[in-house]
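Counting convention: from 1, in listed order, for ligands and their atoms alike. Quick caveat: nothing in here was measured; it's all calculated off a predicted structure.
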Amino acid sequence: MSTSKVKDAYIENIVKDEYFPVSFEELEQEAEKKMSIGGFGYVRSGAGREITLRKNQESFSKYSIIPRILRDVSNIDTSITLFGKTYPYPFLLAPVGMLKLAHEEAELAVSKAAAAYQVPFIQSTVSSYSIEDVKVASGNSSKWFQLYWSNNKEVSFNMVKRAEEAGYEAIVLTVDTVMLGWREEDMKNRFSPLKLGVGKANYEQDPVFLSSLDSQDPESIIQGILDNIHHPSLNWTHVTELKERTTLPILVKGILSPEDARLAIDNGVDGIIVSNHGGRQLDGVIAAIDALPHIVEEIKGEIPVLFDSGIRRGSDIVKALSLGADAVFIGRPFVYGLAAAGQKGVEKVIGNFIQDTKVSIALAGASSVKDLSSIRIVKS
Ligand SMILES: Cc1cc2nc3c(=O)[nH]c(=O)nc-3n(C[C@H](O)[C@H](O)[C@H](O)COP(=O)(O)O)c2cc1C
């Protein structure tokens, strides 16, 4: 159990000589200054008209917290337990690929920052450094692996095996990316990080993938990734097959309907992530926070329900947890922290989220994450 006093969240940010953006909006502006036009556009943008991207954040304002008072909130336990492991805070870092777009040290910097705070780091299949490189950089800290199913399924199974061997604790199978969303910003910028090779590290170091290629020159490797990365025929049989190949818990990421949440349980999935991929896949889909309560109602605690898409502040985390999520993922904010100041920038973002979350839990009138279930959220 991690119980700690609520510190004054402002002090550290005020007394430091060096200014670092606190608000998400300013952080985004700072990242824009540091990144290429294509790289920043890739991270910031959503699919289509970006209706879902906008809705993800705006919809949080439809939910209001009814705080409780006079409940002695001097000690706040922010810890959560997932699959038998206790983590000190109710958030993880979302799987985000191509992190070299934000900073040369990419996943090495992010995984070290996450380790410094004992926040689990989820490594994307299309990361800029490999599973093994990240393990060397960040040691035995908690790490999960996010899998994009490869057309050559033996490549998928081998990547999962590599993650297991490196001590990763869970597999996140992302299912909302069976083909790439209609990303107008990237087309405008003529930008494809996959083609630039920014997300090739795990493939380049995978013997099963390499042995499937006719040639191992850089162009063939990139073509091989493009041939493998999207798998439109993905279905529940792949999930059950994956289950047979690993002893790690499997979470399915990208669920928005209660029916699919039920099917996940029927197919033996260990946890789900309610997510619309940060508005980057099908534009016009429901905001993730609007999908959450219906899914929580269907799941009724049978397996953990995690959440992402639109978390920007501690109060957003309080809303998602009070609506029944067991934990949340932070996405774009940490990427902007990375772009702004490398590992230190990610540490700053995580540190601010920790403080903001503690203060928000306390001011809602709860003393622990569990206690948040007693805090009512209304639509107003
Ligand atoms: C630049 C970028 C790259 C991403 N890459 C991946 C990825 O490789 N795998 C994955 O499952 N999700 C990926 N995501 C989605 C995130 O895991 C998460 O669902 C999303 O960022 C949540 O939205 P938010 O950042 O607006 O809160 C990516 C998101 C962004 C912004």
Looking only at non-hydrogen atoms, which of G331, P95, A94 approaches atom 28 (C) of ligand 1 most closely? P95
Relative to each other, are the rings of W144 and F329 parallel, tilted or perpendicular (30° and 60° limits)? perpendicular
Could you work out, for atom 27 (O) of ligand 1, the closest of G310, A288, G278, G254 by heavy-atom distance? G310
Considering non-hydrogen atoms of the protein only, which is the closest contact for atom 5 (N) of ligand 1, and what is the distance? G97 N, 3.0 Å
Distance from atom 9 (N) of ligand 1 to nearest protein heavy atom, with residue and atom: Y148 OH, 2.9 Å
Would you mind running through ligand 1 and noting each atom that sits below 4.0 Å from a heavy atom of T174? 10 (C), 11 (O)
Heavy-atom proximity to atom 29 (C) of ligand 1, best of R44, R332, R280: R280
Heavy-atom proximity to atom 18 (C) of ligand 1, best of D308, V43, V335: D308
Protein contact of atom 8 (O) of ligand 1 - nearest heavy atom, named by residue and atom, plus distance: S124 OG, 2.7 Å
Is there any N or O on V126 that sits under 3.5 Å from an N or O of ligand 1? no
So, is the end of the R280 side chain (NZ or CZ) under 6.0 Å from the ring centre of Y42 and within 45° of the ring's axis? yes
Candidate with minimal heavy-atom separation from atom 12 (N) of ligand 1, of K253, M98, Q146: K253
Which atoms of ligand 1 have any heavy atom of S275 under 4.0 Å away? 19 (O)
What orientation do F24 and Y336 show, parallel under 30°, tilted 30 to 60°, or perpendicular over 60°? tilted
Taking Y148 as the fixed residue, which of V178, T177, N228 is the one that meets the side chain to side chain contact (heavy atoms under 4.5 Å, CB included) rule? T177
NZ of K358 to CG of N75, rounded to nearest 0.5 Å, is 10.0 Å
Within-shell test, V96 vs ligand 1, heavy atom, strictly < 4.0 Å: yes
Considering non-hydrogen atoms only, spot the tightest contact between A109 and L338 and give its length. CB-CD1, 3.8 Å
Side-chain H-bond candidate by donor/acceptor type, N202 with S127, under 3.5 Å: yes
Distance under 6.0 Å and angle within 45° of ring axis: K100 vs Y129: yes
